[in-house]
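All ligand and atom numbering here is 1-based and tracks the order in the structure. No experiment lies behind these values; they were computed from the predicted model shown.
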Amino acid sequence: MLSATSRPVIEATLPVIAAHIEDITPVFYGKMFAARPDLLEGTFSRANQKNGTQPQALAGSIARFATWLLENPDTMPEELLARIAHKHTSLNVRADEYPTVHEHLFAAIVEVLGDAVTPEVAAAWDEVYWLMADALIKMEKGLYEGLSADVGYTPWRIAEITEETESVKTFRLEPADDSVATPGRPGQYVSVRLTTEDGLLQARQFSLSCSPESTEKRVITVKRDQDGEISPVMHSRLAVGDVIEVSPPFGLNALPSDDGRPLAFITAGIGITVTSAALCSLKRAEDSRSILAVHADKSFSTVARLEPVKQAIEALPNARAEWFLREETGADHRTDKVNLAELGVTPETHVFLCGPMAFMQAMREQALEIGVAPQDIHYDAFGPDIWMPAPGNPVQ
Ligand code: HEM
């Protein structure tokens with residue numbers, strides 16, 4: 001809880017800090033990478049720095065955390081913190097780096113806001129930073145302790161590569177050493193770390209697209225992102241037999257246990273990996289829940305994981321798929337816009353969303369209109385989660 005001394009100071013200065021986040025963050029990262037260039041070698045993503053999404057996410061989350069403390073003095077924004085903690089642990093971020101971020105972030109705040117940062121203001125924001133850092137460190141410790149073994153990245157051999165579509169490949173991985181592997185769950189992701197064309201070590205998260213019965217396997221489906229650092233390398237340079245570094249699985253969004261309520265997976269584009277992972281587990285468990293899989297794409301030829309998804313839908317007793325394919329000419333699909341009410345989504349449904357941000361926001365609006373409770377709408381933002389710290393944030 002924020003101290004009585006800091007509270008009014010934060011109240012008074014939050015608007016100023018929030019208004020200057022876009023100025024503070026480049027200065028912060030500039031200072032941090034100048035002092036610690038090694039943090040760009042395997043920890044921070046150069047691609048995210050270029051497109052500006054990650055700076056927005058990190059700094060925005062601190063302002064959002066401060067807002068939460070003012071509005072809900074006795075609680076913590078658990079979901080916000082958990083999302084960050086999972087991302088951090090997948091990147092093997094450890095507690096001893098928090099003073100580094102603190103030092104450069106505060107130096108940037110002073111540089112941008114100048115005399116407005118009185119000792120009193122600095123002390124109040126220090127308190128906010130460490131409240132958030134301590135909560136994250138604690139959560140991250142719990143996540144590391146929850147692994148079968150806290151091994152960080154381990155080497156995995158590519159056992160199989162399947163060409164899903166023109167721009168998507170599925171990689172089946174097997175351990176390349178005898179480290180203990182933690183079982184993956186649907187909705188979780190791993191970080192893959194490898195060396196880019198120009199020799200920089202970089203990491204990127206990929207959802208598990210199936211959690212095989214054996215924990216000794218990982219399946220990830222990777223879309224080639226022209227502006228990315230990792231996926232172009234995975235698509236063009238990697239072959240069966242190659243070894244890459246992979247983190248243990250992390251991430252929220254695990255399937256709820258059977259409470260008799262229906263499940264709906266609403267995805268677009270590469271977001272289908274989330275459906276694929278869930279259906280893969282549900283099929284293995286012979287789950288009898290009512291399951292709806294809605295997927296929007298260009299045509300069947302651009303849908304990744306098409307066969308595994310179709311097979312799971314056929315095998316599951318109460319599952320159906322609805323395909324919304326704007327350029328497909330054949331039968332078995334629709335070309336209009338997704339309307340969740342028409343498709344039978346009810347207020348009791350657990351809704352899972354994955355796809356471009358605008359798609360997820362539109363689907364969330366529809367689900368809320370139907371009467372689905374906000375906590376039953378789960379979403380997965382690939383890449384830095386710029387939805388999370390936005391005003392009117394839907395996460396909490
Ligand atoms: C990602 C917040 C400390 C390294 C993120 C994200 C947020 C965040 C909001 C984006 C999550 C997402 O993608 O959904 C914070 C806060 C911190 C903190 C509030 C301190 C209180 C640290 C520290 C490190 C670190 C100490 C390690 C030096 C990263 C990295 C990413 C990340 C590498 C992934 C984004 C990228 O690759 O550029 N953090 N973080 N963070 N954070 Fe932190």
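Looking at T165, its side chain does come within 3.5 Å of a backbone N or O of V168 through a donor-acceptor pair. A side-chain donor-acceptor contact under 3.5 Å links E41 to the backbone of L201.
Within a 6.0 Å radius of NZ in K223, other residues, nucleotides and ligands contribute 12 heavy atoms or fewer.
Remark: ligand 1 atoms within the under-4.0 Å shell around heavy atoms of M132 are 19 (C). Against a heavy-atom cut-off of under 4.0 Å, S61 is close to the following atoms of ligand 1: 2 (C), 9 (C), 19 (C). Taking every heavy atom of T43 and a limit of under 4.0 angstrom, the matching atoms of ligand 1 come to 33 (C), 37 (O). Shown in contact with V101 at under 4.0 Å from a heavy atom are these atoms of ligand 1, numbered in order with element: 22 (C), 23 (C), 26 (C). Residue contact check: L91 has heavy atoms under 4.0 Å from atoms 30 (C), 31 (C), 33 (C), 34 (C) of ligand 1. Close approach of ligand 1 to A57 is summarised as follows: ligand atoms under 4.0 Å from at least one heavy atom of the residue are 9 (C), 10 (C).
Not one N or O of R83 is nearer than 3.5 Å to an N or O of ligand 1, by distance alone. At least one N or O atom of S45 sits closer than 3.5 Å to an N or O atom of ligand 1.
Put simply, part of V93 is less than 4.0 Å from ligand 1, judged by heavy atoms.
Remark: K310 qualifies as a cation-pi partner of F300 under the 6.0 Å distance and 45° angle criteria applied to the six-membered ring. A cation-pi arrangement is absent between R46 and F33 under the rule of less than 6.0 angstrom and at most 45 degrees off the ring axis.
Looking at E97, H104, R204, H88, it is H88 that brings a heavy atom closest to atom 18 (C) of ligand 1.
Interatomic distance, CD1 of I272 versus CD1 of I266, reported as 12.0 Å (0.5 Å rounding).
Of the heavy atoms in T100, none comes closer than 4.0 Å to ligand 1.
Among residue pairs with one or both ends in residues 234-249, those qualifying as side chain to side chain donor-acceptor pair (under 3.5 Å) are R193-E245; sequence neighbours excluded.
No side-chain donor-acceptor contact under 3.5 Å links N318 and S288.
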